[in-house]
Amino acid sequence: MPDPQLVLAARVQDALTAAFGPSYADTDPVIRPSQFADLQANVALPLAKRLGRAPREVANEIVARLDVADVASGVEVSGPGFINLTLKDEWIAAQARRVLDDERLDVPPAETPQRVVVEYSSPNVAKEMHVGHLRTTIVGDAIARILEFLGHEVIRDNHIGDWGTPFGMLIEHLLDLGEEAAARDDSSVSDLTAFYQAARQKFDSDEEFADRSRRRVVALQSGDPETLRLWNLLVDVSKRYFNSVYRRLRITLTDADIKGESFYNDMLGPITEELESRGIAVISDGALCVFPPGFKGRDGEPLPVILRKSDGGYNYSTTDLATVKYRVETERVNRMIYVVGAPQSLHFQMVFAVARMAGWLPDDVSAEHAEIGNVLGTDRKILRTRAGGTVKLSELLDEAVERAGVEYDKIEREESLGEEERAAIVEAVGIGAVKYADLSTARDSEYVFDFDRMIAFRGNTGPYLQYAVARIRSIFRRGGLRPEEAHGPIVLGHETERALALHLLGFGAVLEQAGATAEPHRLAGYIFDLASAYTAFHENCPVLKAPDEETKASRLALAAATLRTLVTGLDLLGVPTPERM
Ligand code: ARG
C-alpha cells in the first residue's frame, strides 16, 4: 500500500530499533498530519518520558538513524521534539502512478481474510419499509461492498421479520380478501400499510376474527402445511416489494440472502431447553430467563433476557440467540456485523452476553452492533408525514427524484441530452443524493433528512461528487481519449497537482479503516476530500491545454487516477456515477 503514513511509520520504527534496541520495534511512531510539513512523527515525546531524557535529544537520535532518503526530501526536528517529514515529489508521483496502473488502485487484499456476516435491511413482512430501514439498508450494503473489496468473504444476511403472532390475523385477513389477490398483486394486499391496518382493525373490533387469528397462530407454530402455504403467499408479496425497493436503491441483496426470523424457529425449543438444563436459564415469574451479569434495571435489580414467556411463546431475543449460535456453528464466521437501529443497543448487548455465557460466541468471534441513528425531520423530530404518519420509503424516493429533476434543469450545459438520458441521470442523482447523504453522516448519529441539503450540487453531497466524475469524463471525451490509456509519467509541478497525487495514496488506508470500524462515512469523507483536491487542481492546471505534451500526459494520468478512485469509491458506497450530467 502506498500510504505515506504507513511507509514512514515503518521507517521510524526501524530507526527506533537501531537507536534504542529491538524492544522498541513495536513502539507507535505517532505519525500525524503536520502543519509545517506533510507529516510529523511525535514519538520522541512519549519516548523521552520512558527513557528519562530530553525529547529533542531523543528526536535527534531517531533522525540520525532514520533512512528515508528515497521517500522524504526534508527531515527536521522542531518545537519540543516533533520530527517533521516532507515527502519527495518524485516518490509521490511514482506511487500515484502505481495507483493508476494497478487494477485494485494499489489496495492490497486483506492479509487475513475473514468470513463476515453482514446483517442489514431486515424489514418486516406485511409492513412497508420506513426511513429507518432505508438507513440500515444503505449503510449495510456499503459495509458489505467495502469488506468484499478488501478481500473478505461476506455473507449478506437479510433478517426479515417474518414470524410471530401478527401472522395469525394477517393470514385470516388474506383469506377474507381471497388468496388470489396475493398472487395477482392486488393492491388490497400489496398496499402493505393498508393491509396491515385493516387486519389490525378487524382483530381489535371483531371477536370472531380475533379467535380465528389466535387459532391460526397456533396452526402456524405447529407447522400446519395449509397455514404455512398461506403464510408463504404473504411473505412472497413482501419479498416482491422489498426487491423493488432494493432494485431502485441499487442494493445488492437478493432472495438468497434472506434468512428471516422463521428460519430459526426450529432451533428455539432445543436452545431454550439446553440453557435450562445447564442451569444458565431459570424460571422467574413463570418465564424462562437468563440474567447476564452486569445488566441492571433502574432500581439496580438484575435485568432478564426473557427466552420463553409464561404462555410458552418465544421472544425476539430467543431468535437472536439462535441466530448467533447458527452463525458461529454452521456458518463459521469470524465476525458478525448487525446493522440495526441504535434503540436496539441494549437488546444486542444482552443477547451477546448470554451467547458468551452459553459458550456459543467464542472470544475469537466478534459480534458488533453497527448502530444506526434515528432519522429526523427538518424540525429535528422523528420524521413523520404532514398527517403525522410514518413516511413511506417509496414516496420519499419519488420526491427525491422529482426534486433532483428540478435542480438538474437549472444547470446550464453545452450539450442538451435526450429525454431518456435525462430521466436516467435524474434518477441516479435523486437516489444517489439520498444514499450519499446517509452514508456521509456517521452511522450512529441522528440524521436530519433534508432534501434541500442533500440534492444541492455544491458541498458534500452526492450530486457534487457525481458531477465531479462527469466533469473528468468530459475532459477525456473532449480530448478524444480514453482514461484507460492515460499512463503518465506523472510529474508534479503545481502545488495542487502534488496535493491531489498525495491524496490518491490514501484510498487503501481509508478503506481498511472503514472496514474495520464498519463506518462507511470514513470513505465518504475521503471521496469528498479527493473531489475537492481535484477541483483545486482543475481550476489551476489546464489539462487538454497544458503547456507541453509531458505536462499534458501527467495531468491526464492524474485525472484518470482520480476518476477511477472516485468511481470505485462511490461504487463501494453504492452511489451511481452517470457518464454525463
Ligand atoms: N426486523 C427488525 C425491525 O424492523 C430488525 C431486525 C434486526 N435484526 C436482528 N437480528 N434482531 O426492527
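Index from 1, following the sequence.
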Can you give each donor-acceptor pair under 3.5 Å made by side-chain atoms of residues 463-470, sequence neighbours left out, with the distance rounded to 0.1 Å?
from, atom 1, to, atom 2, distance (Å)
Tyr464, OH, Thr535, OG1, 2.9
Gln466, NE2, Ala428, O, 3.1
Gln466, NE2, Pro576, O, 2.8

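By the 30° and 60° cut-offs, the orientation of the rings of Phe451 relative to Phe449 is perpendicular.
Residue Phe82 comes nearest to Pro80 through the heavy atom pair CE1-CD, 3.5 Å, listed as atom of the first residue, atom of the second, then distance. Heavy atoms only, all atoms of each residue included: Ala516 and Arg335 are closest at O-NH2, 3.0 Å. Among all heavy-atom pairs drawn from Gly506 and Asp3, the shortest one is CA-OD1, 4.1 Å. Nearest approach of Arg473 to Val567, heavy atoms of both residues: NH2-CG2, 3.6 Å. Nearest heavy-atom pair across Arg522 and Val510 is O-CG1, 3.7 Å. Residues Leu439 and Ala142 share a closest heavy-atom pair of CD2-CB, 3.7 Å.
When the shell of 6.0 Å around CD of Gln35 is examined, it contains 12 or fewer heavy atoms from other residues, nucleotides or ligands. By the 6.0 Å contact criterion, NZ on Lys309 is enclosed, its count of non-hydrogen atoms from other residues, nucleotides or ligands being greater than 12. No more than 12 heavy atoms of other residues, nucleotides or ligands sit less than 6.0 Å from atom CG of Asp26. Annotation: Glu495, atom CD; neighbour count of heavy atoms from other residues, nucleotides and ligands within 6.0 Å does not exceed 12.
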I'd like to know whether Val235 forms a side chain to side chain contact (heavy atoms under 4.5 Å, CB included) with Ile258, so could you lay out the CA-CA distance, the side-chain angles of the two residues, the decisive distance to 0.1 Å, and finally the verdict. CA-CA 11 Å; Val235 174; Ile258 293 182; over 6 Å; no

Side chain to side chain contact (heavy atoms under 4.5 Å, CB included) assessment of Glu153 paired with Val333: CA-CA 9 Å; Glu153 182 191 343; Val333 302; over 6 Å; no

Could you walk me through whether Thr517 and Gln513 pass side-chain hydrogen bond (donor to acceptor under 3.5 Å, both in side chains), step by step? CA-CA 6 Å; Thr517 55; Gln513 276 175 15; over 6 Å; no

Kindly indicate, with the supporting measurements, whether the criterion side chain to side chain contact (heavy atoms under 4.5 Å, CB included) is fulfilled by Val12 and Val30. CA-CA 10 Å; Val12 174; Val30 202; over 6 Å; no

Before giving the answer on salt bridge (Lys or Arg N to Asp or Glu O under 4.0 Å), spell out for Lys410 and Glu407 the whole-Å C-alpha distance, their side-chain angles and the decisive distance to 0.1 Å. CA-CA 5 Å; Lys410 288 185 194 161; Glu407 287 306 309; 3.0 Å; yes

Can Gln344 and Tyr316 be said to form a side-chain hydrogen bond (donor to acceptor under 3.5 Å, both in side chains), step by step? CA-CA 11 Å; Gln344 298 197 33; Tyr316 185 59; 2.7 Å; yes

For side chain to side chain contact (heavy atoms under 4.5 Å, CB included), just list the numbers for Val448 and Arg380, CA-CA rounded to whole Å, side-chain angles, deciding distance to a tenth of an Å, and then say yes or no. CA-CA 7 Å; Val448 175; Arg380 307 217 139 245; 3.7 Å; yes

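A heavy-atom distance below 4.5 Å is found between the side chains of Val365 and Met336. Contact of the Val245 side chain with the Ser394 side chain is not registered, since no non-hydrogen atoms from C-beta on lie closer than 4.5 Å. At least one side-chain heavy atom of Thr137 sits less than 4.5 Å from a side-chain heavy atom of Tyr246. Between Phe295 and Leu346, the closest side-chain pair of non-hydrogen atoms falls below 4.5 Å. Side-chain contact check for Ile143 versus Val154: every heavy-atom pair is 4.5 Å or farther apart. Met267 has its side chain out of reach of Thr323: every pair of non-hydrogen atoms, C-beta onward, lies at least 4.5 Å apart. Residues Asn334 and Val116 have side chains not in contact (no heavy-atom distance under 4.5 Å, counting atoms from C-beta outward). Residues Leu253 and Ser121 meet the side-chain proximity criterion, which asks for heavy atoms closer than 4.5 Å.
When the options Lys435, Arg564, Arg145 are evaluated for a salt bridge (Lys or Arg N to Asp or Glu O under 4.0 Å) with Asp571, the one that passes is Arg145.
With hydrogens and angles ignored, the 3.5 Å screen pairs a side-chain donor or acceptor of Arg356 with a backbone N or O of Leu361. No side-chain donor-acceptor contact under 3.5 Å links Thr136 to the backbone of Val340. The backbone N or O of Arg98 lies less than 3.5 Å from no partner atom in the side chain of Asp102, so there is not a single donor-acceptor pair. Using modelled atom types, one side-chain atom of Asp379 and one backbone atom of Lys381 make a donor-acceptor pair closer than 3.5 Å. In this structure a side-chain-to-backbone donor-acceptor pair under 3.5 Å is present from Thr318 to Leu307. Side-chain atoms of Arg104 come within 3.5 Å of backbone N or O of Phe149 as a donor-acceptor pair. A donor-acceptor pair under 3.5 Å is absent between the side-chain atoms of Ser34 and the main chain of Asn84, judged by distance alone. Asp162 places a side-chain N or O within 3.5 Å of a backbone atom of Ser262 that can act as its donor or acceptor partner. Side chain of Asp157 to backbone of Val118: no donor-acceptor contact under 3.5 angstrom is found. Without hydrogens or angle criteria, Arg240 side chain to Ser190 main chain gives no donor-acceptor distance under 3.5 Å.
Interatomic distance, NE2 of His503 versus CG of Leu500, reported as 8.5 Å (0.5 Å rounding). Atoms CD1 and OH, on Ile455 and Tyr408 in that order, are 14.5 Å from each other to the nearest 0.5 Å. To the nearest 0.5 Å, atom CG of residue Leu566 and atom CZ of residue Arg471 are 10.5 Å apart. Expressed to the nearest 0.5 Å, how far CD1 of Ile271 lies from NZ of Lys325 amounts to 7.5 Å. The distance from atom CG of Leu268 to atom CG of Leu321, rounded to the nearest 0.5 Å, is 9.5 Å. Interatomic distance, Met129 CE to Phe242 CZ, rounded to the nearest 0.5 Å: 6.5 Å.
Relative to the six-membered ring of Tyr338, Arg327 meets both conditions, a distance below 6.0 Å and an angle of at most 45° to the axis.
Side-chain N/O atoms of Tyr196 and Asn124 include no donor and acceptor closer than 3.5 Å. Thr252 and Asp141 share a donor-acceptor pair across their side chains, judged by distance under 3.5 Å alone. No side-chain donor-acceptor contact under 3.5 Å links Thr193 and Gln197.
Annotation: ring pair (Phe, Tyr, Trp, His ring centres under 6.0 Å) contacts of His152 (sequence neighbours excluded): none.
Annotation: Tyr264 is not in aromatic contact with Tyr314 [ring centroid separation under 6.0 Å not met]. With ring centers used as reference points, Phe263 lies 6.0 Å or more from His159.
The residues Arg248 and Asp398 are annotated as salt-bridged, a charged nitrogen and a carboxylate oxygen being separated by less than 4.0 angstrom. Under 4.0 Å is where a charged nitrogen must lie from a carboxylate oxygen, and between Glu427 and Arg250 no such pair does.
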